[in-house]
Amino acid sequence: MLVSIKILYFSIFFFFLFILFGPISFNSSKLKNEPELHGNFLHITDFHPDPHYVNNVTALSRCHHKHLGIAEKPEHMLKGISGPWGAPATVCDSPVGLINATFEWLEKNWKNKLDFIIWTGDNSRHDNDEKIPRSPIEMFRLNRFITEKFLKTFSNKKKHAPHFIPIVPSIGNNDIFPNSIIGAGPNELLSILHEIWSPFIPKGQHETFLNGGYYYTEVIPGKLIVVSLNTLYFYDSNTAVNGCIEKGQPGTIEMKWLNNVLKEARKNGMKVYLTGHVAPRAKQYTISCFKKYGQLSLKYQDIILGHYYGHSNMDHFFFISSSGVKKDNPKDDEEVLSIDDDDLYDETENVENDDETVEDTRIHQEGQEEDGKIETKVKDLKKYMKQLLTHYRALPPLTEDNVKNYAVVHINPSIIPTFFPALRIFKYNTTEIKNEVSDLDAPSLKNTFLTPLGYTQYFINLTHANLFPNVTPEFTIEYTTWDDYYLKDLTIPSWIRLARKIVNDGLNSALWDKIQDYLLVGTRDLIIRKSSSFQKCSYSKCPAKEPEDYIASELTF
């Protein structure tokens with residue numbers, strides 16, 4: 001009788017629990033003191049803050065001062081070029097106001113909605129003005145400035161909660177002095193960056209960073225890690241190192257470390273994002289590093305959810321193929337990878353007017369020599385787009401066997417107004433499914449737990465923003481992968497389908513038109529229109545225009 005009464009009491013107790021709280025369930029993240037997942041993360045890159053930026057001066061001065069006397073200026077330059085919020089499509093870096101506006105917008109719209117942040121470097125201005133040379137002290141101060149912006153914007157004051165969400169910075173080629181050159185660690189550069197970024201580097205990873213400038217972060221404990229690579233050890237422009245073949249080279253050591261990280265991640269059932277500053281291209285990386293990166297990407301394709309990089313400022317994606325990274329293949333991967341971003345830009349003196357259309361794409365640097373004009377043009381952008389199309393055309397029909405031979409590399413647009421400032425908010429699958437049974441169920445190949453579902457690209461139209469110097473600009477939607485590319489998710493098969501659709505639709509299609517627009521992050525029409533205005537004002541007299549009417553493109557990376 002006593003046992004029956006106890007059972008009745010327990011039944012009544014659990015009945016009231018069910019009524020009050022619904023079915024009993026366990027949230028593993030809460031049990032482990034993990035934050036609740038929102039299903040969003042941010043990728044942001046290439047801030048390039050410039051404390052010397054001056055409004056309403058020429059880009060020829062790097063937007064630092066009045067470069068020429070009024071009498072020496074062409075008529076179309078009388079009112080300068082730089083706007084209060086930045087000078088789009090110029091050599092100029094970011095005004096501090098643009099940096100502040102970016103973090104204000106993030107705090108207002110995304111502070112409590114993100115699970116982690118990927119931040120891929122270049123937090124200092126370019127060293128492109130001989131009158132104001134960049135110093136190591138200034139460079140590290142600017143790195144600290146951006147770091148403090150992140151810490152303040154994403155601080156968490158809740159009791160017993162982490163101080164901020166996981167933030168994963170990477171070293172950019174402009175985050176070190178001299179630019180792009182860094183030797184094996186430990187060294188002073190890595191020690192200083194370690195001191196600045198120490199809040200973001202997890203316990204157990206500090207020594208790894210001090211030795212090489214790379215590390216990983218469990219952004220979702222036990223489930224997802226983000227690897228921050230020091231891509232400067234792979235970068236062909238870094239003359240202090242020599243590829244990924246010799247045992248003692250820092251690139252070789254980093255690749256071995258990466259292999260071990262990926263091996264352990266797979267063993268523990270975790271998924272991975274590979275991130276860094278300089279993207280893996282056959283010309284930007286040494287051949288040995290490019291091949292080893294590609295081989296690891298394909299070897300661990302089942303657990304790698306994406307390859308996210310910055311540096312290039314342009315918005316696009318390309319593929320690494322198994323044929324391009326074979327050990328016995330000395331050739332570069334597809335043609336698109338044979339062009340370095342630095343090759344896209346060139347200065348030519350005494351350029352005569354020609355019949356080549358602005359669509360081909362020609363952008364002019366204001367300025368004048370004694371015996372002729374200086375023109376800076378994007379000399380190979382048309383060629384680059386053709387090779388990008390050729391690259392997509394080389395993709396085979398999508399099959400289960402073919403998809404295993406490809407990895408997709410994504411170039412994120414930048415905050416610096418090389419084109420319009422932009423950033424991406426990604427959405428990913430938070431519905432956990434147990435017992436994945438094969439590689440084909442991997443979230444890089446099939447929409448399942450942790451699969452990136454799509455992103456929204458936000459940007460600031462600086463042409464419009466500069467008309468309102470007293471109104472802080474906000475980011476607005478440029479496009480989404482759902483509405484503009486019709487992608488259901490961001491798996492490798494989805495990107496292959498998109499690339500093949502670009503090819504099948506042809507050069508005159510609306511899709512290819514979008515790809516070209518997004519490549520230049522909203523500035524394509526501006527470039528066409530303002531380049532036309534430049535031609536008219538260069539070769540005939542015309543009224544002076546406002547600063548926002550001018551563009552230039554001595555694009556230096």
Side-chain angles (χ1 to χ4, degrees), residues 37-45 110 113-118 120 168 219-220 223-227 265 270-276 279-280 297-298 300-310 312 314-321 388 391-392 395 398 400 402-413 422-433 436 439-458 477-502 511 514-515 518-519 521:
L37 298 180
H38 301 285
N40 304 310
F41 68 89
L42 164 69
H43 183 191
I44 192 166
T45 193
W110 292 100
K113 300 176 183 178
L114 300 174
D115 296 328
F116 59 92
I117 295 171
I118 294 170
T120 48
V168 188
V219 295
I220 304 177
K223 298 172 184 176
L224 177 64
I225 69 175
V226 173
V227 176
M270 299 181 70
K271 303 302 181 279
V272 181
Y273 280 105
L274 297 186
T275 70
S297 299
L298 298 174
Y300 295 99
Q301 185 202 57
D302 58 312
I303 65 168
I304 297 174
L305 299 179
H307 306 255
Y308 294 156
Y309 293 88
S312 301
M314 295 181 292
D315 167 4
H316 60 302
F317 68 97
F318 57 86
F319 298 86
I320 294 176
S321 70
L388 190 63
H391 177 64
Y392 296 158
L395 293 168
L398 184 62
E400 290 182 2
N402 287 336
V403 75
K404 295 178 181 180
N405 296 322
Y406 291 92
V408 189
V409 179
H410 298 275
I411 307 295
N412 203 86
L423 53 83
R424 288 176 180 172
I425 302 291
F426 287 80
K427 182 169 286 295
Y428 67 96
N429 191 331
T430 57
T431 304
E432 189 163 4
I433 299 174
E436 294 176 357
D439 288 348
L440 296 179
D441 292 317
S444 60
L445 301 175
K446 179 181 177 181
N447 183 1
T448 183
F449 179 54
L450 298 179
T451 295
L453 301 175
Y455 65 79
T456 300
Q457 185 149 299
Y458 293 88
I477 295 175
E478 183 186 14
Y479 72 93
T480 74
T481 53
W482 298 278
D483 296 335
D484 291 81
Y485 292 159
Y486 305 107
L487 296 180
K488 294 181 180 180
D489 53 50
L490 302 185
T491 58
I492 297 171
S494 290
W495 287 107
I496 292 177
R497 289 190 195 99
L498 175 61
R500 288 181 59 80
K501 180 173 174 52
I502 290 169
L511 179 57
K514 285 181 180 179
I515 294 293
Y518 300 150
L519 180 88
V521 195

Closer than 3.5 angstrom, by distance alone: can the side chain of Gln301 be matched with the main-chain N or O of Ala407 as a donor-acceptor pair? no
Can any side-chain N or O of Asp115 pair as donor or acceptor with the backbone N or O of Gly39 at less than 3.5 Å?
yes
Of the non-hydrogen atoms in [X] and [Y], which two are nearest, and what is the gap between them?
X	Y	answer
Ile225	Ala265	CD1-CB, 4.3 Å
Tyr309	Pro280	CE1-CD, 3.6 Å
Thr448	Ala442	CG2-C, 4.3 Å

Sorted by chain and number, sequence neighbours left out, salt bridge (charged side-chain N to carboxylate O under 4.0 Å, His left out) with Asp484 holds for Lys514
Taking only residues two or more places apart in sequence or in another chain, which ones pass side chain to side chain contact (heavy atoms under 4.5 Å, CB included) with [X]?
X	value
Lys488	none
Leu305	Leu224, Lys271, Tyr273, Pro443, Leu450, Pro452
Asp315	Pro413, Arg424, Tyr455, Gln457, Tyr479, Tyr518, Val521
Ile477	Thr456, Tyr458, Thr480

Any non-hydrogen side-chain atom of [X] less than 4.5 Å from a side-chain atom of [Y]?
X	Y	result
Leu511	Leu498	yes
Asn412	Thr120	no
Phe426	Tyr308	yes
Asp302	Leu445	no
Leu395	Phe319	yes
Phe41	Val168	no
Met270	Ile303	no

Could you grab the distance from atom [atom1] of [X] to atom [atom2] of [Y], nearest 0.5 Å is fine?
X	Y	atom1	atom2	result
Lys427	Asp489	NZ	CG	14.0 Å
Thr431	Phe449	OG1	CZ	8.5 Å
Leu490	Tyr485	CG	OH	11.0 Å
Ile492	Lys404	CD1	NZ	12.0 Å
Phe116	His43	CZ	NE2	11.0 Å
Ile425	Asn40	CD1	CG	7.0 Å

Sorted by chain and number, sequence neighbours left out, side chain to side chain donor-acceptor pair (under 3.5 Å) with Thr481 holds for none
By side chain to side chain donor-acceptor pair (under 3.5 Å), Thr275 pairs with (sequence neighbours left out) none
* Asked: Should the ring pair Phe318 and His391 be called parallel, tilted or perpendicular, given that the plane angle runs from 0 to 90° and is split at 30 and 60?
  -> perpendicular
Practice item. Check step by step if side-chain contact (heavy atoms from CB on, under 4.5 Å) holds for Asn447 and Leu453. Key: CA-CA 8 Å; Asn447 183 1; Leu453 301 175; 3.4 Å; yes
Open item on the list: Run Tyr428 and Ile220 through side-chain contact (heavy atoms from CB on, under 4.5 Å) and show every step you take.
Closed with: CA-CA 12 Å; Tyr428 67 96; Ile220 304 177; 3.5 Å; yes
For His307, the ring-ring contact (aromatic ring centres under 6.0 Å, His included) test, sequence neighbours excluded, returns Tyr293
- request: For the pair Ile411 and Met314, evaluate side-chain contact (heavy atoms from CB on, under 4.5 Å) and give the outcome as yes or no after the intermediate values.
  value: CA-CA 7 Å; Ile411 307 295; Met314 295 181 292; 5.6 Å; no
Applying side chain to side chain donor-acceptor pair (under 3.5 Å) to Thr451 and Asn429, what does each step give before you reach the verdict? CA-CA 5 Å; Thr451 295; Asn429 191 331; 5.5 Å; no
